[in-house]
There are 2 protein chains.
Amino acid sequence: MPGRSADDDSCFAVIFTSRLRAPDPGYGDMAEKMLALASEQPGFLGFESARGDGDSELGISISYWRDRDSILAWRGHVEHLVAQELGRERWYAYYRLRVAQVERDYEWSCDGPPINSDHVPG
Amino acid sequence: MPGRSADDDSCFAVIFTSRLRAPDPGYGDMAEKMLALASEQPGFLGFESARGDGDSELGISISYWRDRDSILAWRGHVEHLVAQELGRERWYAYYRLRVAQVERDYEWSCDGPPINSDHVPG
């Protein structure tokens, strides 16, 4: 693809934002189980998650993947399909899922010399 | 760009993950001010944010933009530059910033009929 070199050295982010209906310990257990399972899948690169403490607070979970095929394979994993169905039946009031290709990546820490992992494809 | 139709109908996500050093009300005030300013910029499409209650909890903020130029313009906005500098001096222990092009977007709600805004470019 002319003008793009991103497919080789970039990665993909699955951005999952959600609101829960009500507190349910079963949700946390399932989320932990799914993270453990996802991290064993081919192409899994990492995971970040944050949710405020209020019941209706927005939660954001982002998983990072090597390529689109890895994302599709995880999406169709049989145990993950069951979890997705339970999520719609029991836990989520709302969710939105975006798949995005990471083009730039820049890291900074106050502890030491600047970490600059920025890369501009092309 | 051959093989790509995403630039017209997709958008870009700026994924900002961070850890704070210590609680500081100045941080929240500045974050609010910057969100208000960002939302007035050309190409701004939306914003999502989540942070757990612990001091060292990961925070995730995602802003959505029409195109790369809008992101660059906001990155270089003079008031935003001052805020970025203050962030490094006072508030952040760590941050990571990724820019990603959204390729798929799927929405679901338990309230009504399925909302499916999925679009697959190309």
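Naming: A, B, ... by sequence-line order, numbering from 1 per chain.
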Okay, Ala93(A) and chain B: the region with an atom under 4.5 Å from a heavy atom over there is both

List the atom of [X], the atom of [Y], and the distance in Å for their closest heavy-atom pair.
X         : Y         : result
Arg21(B)  : Cys110(A) : NH2-CB, 3.8 Å
Tyr64(A)  : Arg98(B)  : OH-NH1, 2.8 Å
Trp108(B) : Tyr92(A)  : CZ3-O, 3.5 Å
Glu48(B)  : Thr17(A)  : OE1-CG2, 3.2 Å

Answer with yes or no whether the hydrophobic clustering places Met34(B) together with Leu81(B); edges join I, L, V, M, F, W, Y residues whose side-chain heavy atoms lie under 4.5 Å apart.
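Different hydrophobic clusters.
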
Tell me, with the steps shown, if Glu103(B) and Arg68(A) meet salt bridge (Lys or Arg N to Asp or Glu O under 4.0 Å). CA-CA 10 Å; Glu103(B) 298 187 344; Arg68(A) 296 179 186 91; 2.7 Å; yes

Rounded at 0.5 Å granularity, tell me how far [atom1] in [X] sits from [atom2] in [Y].
X         : Y         : atom1 : atom2 : answer
Leu97(B)  : Asp105(A) : CG    : CG    : 8.5 Å
Gln101(B) : Phe12(A)  : CD    : CZ    : 10.0 Å
Arg104(A) : Leu72(B)  : CZ    : CG    : 7.0 Å

So which of Gly59(B), Ser49(B), Ser18(B) has the largest heavy-atom pair count under 4.5 angstrom toward chain A?
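So the answer, after comparing Gly59(B), Ser49(B), Ser18(B), is Ser49(B).
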
>> I'd like to check Ile62(B) versus Ile60(A) (side-chain heavy atoms, cut-off strictly below 4.5 Å). Are they in contact?
In response: yes

